[in-house]
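All values below come from the heavy atoms of this structure, side chains included, with hydrogens, waters and symmetry mates left out.
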Amino acid sequence: PGGQSSQVFPRKAMPYWKPLLIYSKGEYSGKWFGDVCKSDVNNNEKENHKWGQSISGMLDILRHFSDEGQYILDPFCGAGTTGVAALQLGCFFDGLDLKEENVNITKARLSNVER
């Protein structure tokens, strides 16, 4: 909620949520969290990648599920929004992407992050 909704034209639907998968090695022992993460209104940040996600939304997700100093992995990093948010929150980050162009965009964005 909060971000600009994508439109599913054939269904005339505008979903305001995205599924989020949470994996844990063994039983989850992390902090309690609510089931809604939010982003700033109309903050969809498509200038770096056509599937770009908002930093505000990723910051909220990472605040819910991680602590400073933890390791964040994004196996489909695109233009690196998860990495930017992770570094801003004092986490370590690794990202993977099949396209060299995306990796280069991510590297450039990460080199400019202020911690």
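With a 6.0 Å radius and a threshold of 12 heavy atoms from other residues, nucleotides or ligands, Leu98 has its CG atom at or below the threshold. Within a 6.0 Å sphere centred on NZ of Lys31, other residues, nucleotides and ligands contribute more than 12 heavy atoms. For Phe33, the CZ atom sits in a packed shell: over 12 heavy atoms of surrounding residues, nucleotides or ligands are nearer than 6.0 Å.
Taken from CG in Asn102 to CG in Leu96, the straight-line distance is 12.0 Å, to the nearest 0.5 Å. Here Lys107 contributes atom NZ and Glu100 contributes atom CD; the two are 8.0 Å apart, rounded to the nearest 0.5 Å. Here the straight-line distance linking atom OG1 of Thr106 with atom NZ of Lys99 works out to 12.5 Å at 0.5 Å rounding.
Checked by atom type and distance alone, the side chain of Asp97 pairs as donor or acceptor with a backbone atom of Gly78 at under 3.5 Å. Distance alone, capped at 3.5 Å, places no donor-acceptor pair between the Ser66 side chain and the Cys91 backbone. Distance alone, capped at 3.5 Å, places no donor-acceptor pair between the Lys38 side chain and the Ile61 backbone. The main-chain N or O of Ala108 is found under 3.5 Å from a side-chain atom of Asn112 such that the two form a donor-acceptor pair. With hydrogens and angles ignored, the 3.5 Å screen pairs no side-chain donor or acceptor of Arg109 with any backbone N or O of Val84.
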Inset, instruction - Begin with the C-alpha distance, continue with both residues' side-chain angles, and end with the deciding distance and a verdict on side chain to side chain contact (heavy atoms under 4.5 Å, CB included) for Phe93 and Asp74. - result: CA-CA 8 Å; Phe93 174 76; Asp74 186 348; 3.7 Å; yes
Inset, instruction - For side chain to side chain contact (heavy atoms under 4.5 Å, CB included), just list the numbers for Glu68 and Leu89, CA-CA rounded to whole Å, side-chain angles, deciding distance to a tenth of an Å, and then say yes or no. - result: CA-CA 6 Å; Glu68 185 175 343; Leu89 295 175; over 6 Å; no
